[in-house]
Protein chains: 2
Amino acid sequence: MNNRGMRISARADYAVRAALELAAAGSEASLKAEAIAAAQGIPHKFLEGILGDLRRGGLVVSRRGGQGGYRLARAAESIAIADVIRVADGPLVSVRGVRPPELSYCGPAESLLPLWIAVRANVRKVLGEVTLAHVAAAKLPDEILSLAEDPEAWTNP
Amino acid sequence: MNNRGMRISARADYAVRAALELAAAGSEASLKAEAIAAAQGIPHKFLEGILGDLRRGGLVVSRRGGQGGYRLARAAESIAIADVIRVADGPLVSVRGVRPPELSYCGPAESLLPLWIAVRANVRKVLGEVTLAHVAAAKLPDEILSLAEDPEAWTNP
DNA sequence: ACTTTCCCTAGTAATCCGATAGGAAAACTA
DNA sequence: TAGTTTTCCTATCGGATTACTAGGGAAAGT
């Protein structure tokens, strides 16, 4: 037995947290990488690389020099958590490295493909609907809250 | 940018396919590892290790020698896909290696915890409900089918 | 100029992934 | 009892990935 499962990597987690810090700062103010790193307890050189990805992905804009730093490229209401994860870490869900639609199964495993598709659809339902603004304001949509409030969702196995 | 995201490993995929092959064979007949490997195109020595995990996890029973092989330990209707993945690959969903309930966030990231919980709950809704019997018979529950039939679920990003 | 801050390339230690090899132990066959 | 079959165990492997670190160059501001 291994200890992986479907994992959200440190990269993805850090990327979302950094983006949340930017969302909370508002779209005028810009934050320096070092400040974000300190606020969220992220290794700052590692974070710099992640912020570079967010910039190349068009989610963030940067300025260097004295009053430089990073800020969101668009409104926090228009950036889904899924957008951040995809830009920092690649496709949301993959099976054996490839995305579900490219898979092919045979025999009794044939219905596995629609199953993985359903998993991905359900992940998207959460991460594609919830925006940085939602999380930063601690106001998750009702659908999501009702998922998270179910006590059974917090039990471990 | 990386190329991971939330991945279902080869181990997990292989484990489910092997279990499906056993489910399709019925609870009387037992299949040899080599036969399963050939049917599903899985490296047989790799599969042997996975079948060992399924046995230690109590999902499968084995017999050695002449008419030996593997068969399911319980009815295929009572084994969820999530059970197979957990036994072969560890916790269904984890963030940075730890399971959501053990995380703690601060500042604007505080609502990230309920968000990951919601993701996990939605993954469980699919993988915890669907059984080996469902997939092997190609008869997914209606809830799942309606997720998988949405054309938008098949589009890539 | 000079400082600040982003930006880029490279490196690294540890871990994991997917796979392979060889044989010991058990069960069946005859 | 001898011999075959199949599971079971341990050990190893190259290569990729993860999570970081180091060092410096390029731009922007003062």
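A, B, ... follow the sequence lines: proteins, then strands. Residue 1 opens every chain. Below, all heavy atoms of this structure are taken into account, side chains as well, without hydrogens, waters or symmetry copies.
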Return the minimal non-hydrogen interatomic distance between B:Ile144 and B:Lys125, and the atom names on each side.
-> CD1-O, 4.1 Å
Just grab all the ring-ring contact (aromatic ring centres under 6.0 Å, His included) pairs involving residues 79-104 of chain A, residues at least two apart or on different chains.
-> none
What integer distance in Å separates A:Ile8:CD1 from D:dT17:C1'?
-> 18 Å
Please identify each residue that fulfils salt bridge (Lys or Arg N to Asp or Glu O under 4.0 Å) with B:Lys45, with sequence neighbours left out.
-> B:Glu48
By salt bridge (Lys or Arg N to Asp or Glu O under 4.0 Å), which residues pair with A:Glu34, not counting sequence neighbours?
-> none
Can you check the B:Glu34 CD to C:dT20 P distance for me, whole Å?
-> 12 Å
Any donor-acceptor N/O pair, B:Arg17 side chain to B:Gln40 backbone, under 3.5 Å | yes
What's the shortest heavy-atom distance between A:Ser9 and B:Arg96, and which atoms?
-> C-CG, 4.1 Å
Partner residues of B:Arg63 under the salt bridge (Lys or Arg N to Asp or Glu O under 4.0 Å) criterion, sequence neighbours left out | none
Between residues 40-76 of chain B and DNA chain D, which residues have a heavy-atom gap below 4.0 Å?
-> B:Lys45, B:Glu48, B:Arg55, B:Arg56, B:Ser62, B:Arg63, B:Arg64, B:Gly65, B:Gly66, B:Gly69, B:Tyr70
Give every donor-acceptor pair under 3.5 Å between a side-chain atom in residues 67-77 of chain A and any protein atom, sequence neighbours left out.
unit_1, atom_1, unit_2, atom_2, d
A:Arg74, NH1, A:Ser78, O, 2.9

Kindly state which residues belonging to residues 93-103 of chain A come within less than 4.0 angstrom of DNA chain C, counting heavy atoms of the residue only, listed by number.
-> none
Which atom names give the shortest non-hydrogen contact between B:Val16 and B:Ile85, and what distance separates them?
-> CG2-CG1, 3.9 Å
Give each protein N/O atom lying under 3.5 Å from an N/O atom of nucleotides 11-13 of chain C, with the pair distance.
none

Contacts to DNA chain C from residues 12-21 of chain A, heavy-atom cutoff under 4.0 Å, which residues?
-> none
Grab the two heavy atoms, one from B:Ala24 and one from B:Ala136, that are nearest each other, plus how far apart they are.
-> N-CB, 4.5 Å
Name all pairs fulfilling the side chain to side chain donor-acceptor pair (under 3.5 Å) condition that reach into residues 141-157 of chain B, sequence neighbours left out, sorted by first residue then second.
-> A:Arg120-B:Asn156
Return each pair, listed once, that meets ring-ring contact (aromatic ring centres under 6.0 Å, His included) where at least one residue sits in residues 23-65 of chain A; pairs must be two or more places apart or across chains.
-> A:Tyr14-A:Phe46
Validation: residues 102-109 of chain A side-chain donor-acceptor distances under 3.5 Å, sequence neighbours left out:
unit_1, atom_1, unit_2, atom_2, d
A:Tyr105, OH, A:Trp116, NE1, 2.9
A:Tyr105, OH, B:Asp13, OD1, 2.6

